Protein chains: 2
Amino acid sequence: MKASLKPRYEARAKILKAMAHPSRLLIIEELQKQEWCVNELTEMVGADTSTVSKHLTVLKNAGLVADERRANCIYYRLRCPCILDFMECVEEVLAVSAKDHQKIMKCCKK
Amino acid sequence: MKASLKPRYEARAKILKAMAHPSRLLIIEELQKQEWCVNELTEMVGADTSTVSKHLTVLKNAGLVADERRANCIYYRLRCPCILDFMECVEEVLAVSAKDHQKIMKCCKK
DNA sequence: TGGCTATTTGGCTATATGGCCAAACACGAA
DNA sequence: TTCGTGTTTGGCCATATAGCCAAATAGCCA
């Protein structure tokens, strides 16, 4: 790979990697609606608080979320609304795959 | 996490995970322009053929690319053009992070 | 068929990740 | 300041990934 392109792809990969986990996708989706504190997100995810905290750190390091303390809770919010479009594309990939799968299924029934 | 949502997020995560690697992002970007065979992609990536072959398998399993043999080469092509939009969003995330970073830098200079 | 080239698979190692538990930390409120 | 709640960090283990090399496979073409 051309050395000049490497940092570019590494930066992008970091963001995608940060999103590439079921629990983190749930968190992202919930944060699209409104901000939530760690406690609330922990309940939604259904894992240990420390686990969710680490997921949030991953998202924060990737620049996807921001946090802010208010009273004695730390609230997280999404930093980029475009992530919604992102998911539309992911769904399209899934849809195309599903279509193929259907074809295969039909083919087998014959 | 609600059990009914789990498969949904797992499916999405699988796709994002498949994209979340510098070499695979390079491959995706090159395949946006035109189809290429393993050999050609190997040269672009600059890794062992077997490594690139495995990357392509990952992309194929995620439903992102399709392959087709012609003559004695196997050509790979993108299955979802929307991935381009995807990258625009990733770039936006990077841009926002960069902006913040600049702010921090400025702040420190004072 | 047999050889040749392109591609995939298996084996191995080093490294990264996710999960839980326990402990540390942060900070508002009494 | 001390308590208590909310959050993060460290430690540990099990599992997954990326990389290379070597070997196996696939299938075109003579």
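These figures come from a predicted structure and were not determined experimentally. In the text below, chain A, chain B and the rest are named by the order of the sequence lines, each starting its count at 1. Below, each value reflects all heavy atoms present in this structure, side chains not excepted, and no hydrogens, waters or symmetry copies.
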Would you say a side-chain N or O of [X] is under 4.0 Å from OP1 or OP2 of [N]?
{"X": "K17(B)", "N": "dT17(D)", "answer": "yes"}
{"X": "N72(A)", "N": "dA29(C)", "answer": "no"}
{"X": "R24(B)", "N": "dA18(D)", "answer": "yes"}
{"X": "Y76(B)", "N": "dT8(C)", "answer": "yes"}
{"X": "H21(B)", "N": "dA16(C)", "answer": "no"}
{"X": "T51(A)", "N": "dC20(C)", "answer": "yes"}

Could you work out which one of [options] sits closest to the side chain of [X]?
{"X": "H55(A)", "options": "dC21(C), dG18(C), dT8(D)", "result": "dG18(C)"}
{"X": "S50(B)", "options": "dT17(C), dG10(C), dA22(C)", "result": "dG10(C)"}
{"X": "K54(A)", "options": "dT9(D), dG6(D), dC20(D)", "result": "dT9(D)"}
{"X": "N39(B)", "options": "dA6(C), dC27(C), dA22(C)", "result": "dA6(C)"}

Side-chain donor/acceptor of T42(B) to backbone N/O of V38(B), under 3.5 Å: yes

Nearest-angstrom distance from the residue atom [atom1] of [X] to [atom2] of [N]:
{"X": "I27(B)", "N": "dA18(D)", "atom1": "CD1", "atom2": "P", "answer": "11 Å"}
{"X": "K14(A)", "N": "dA16(C)", "atom1": "NZ", "atom2": "C1'", "answer": "15 Å"}
{"X": "E40(A)", "N": "dT5(D)", "atom1": "CD", "atom2": "P", "answer": "17 Å"}
{"X": "L26(A)", "N": "dG18(C)", "atom1": "CG", "atom2": "P", "answer": "15 Å"}

We want to know whether E68(A) and Y76(A) form a side-chain donor-acceptor pair, criterion being a heavy-atom distance below 3.5 angstrom. no

How do R69(B) and S53(A) order along DNA chain D: which one's closest nucleotide is nearer the 5' end? S53(A)

Closest to the 5' end of DNA chain C, once D48(A) and L56(B) are matched to their nearest nucleotides, is L56(B)

Is the closest basic N to carboxylate O distance between E29(A) and R24(A) below 4.0 Å? no

Going by an N to O cut-off under 4.0 Å, is there a salt bridge joining E10(A) and K17(A)? no

With both distances kept under 3.5 Å, what pairs with dA30(D), Watson-Crick or G-U wobble? dT1(C)

Straight-line distance of L26(A) CG to E30(A) CD, nearest 0.5 Å: 5.5 Å

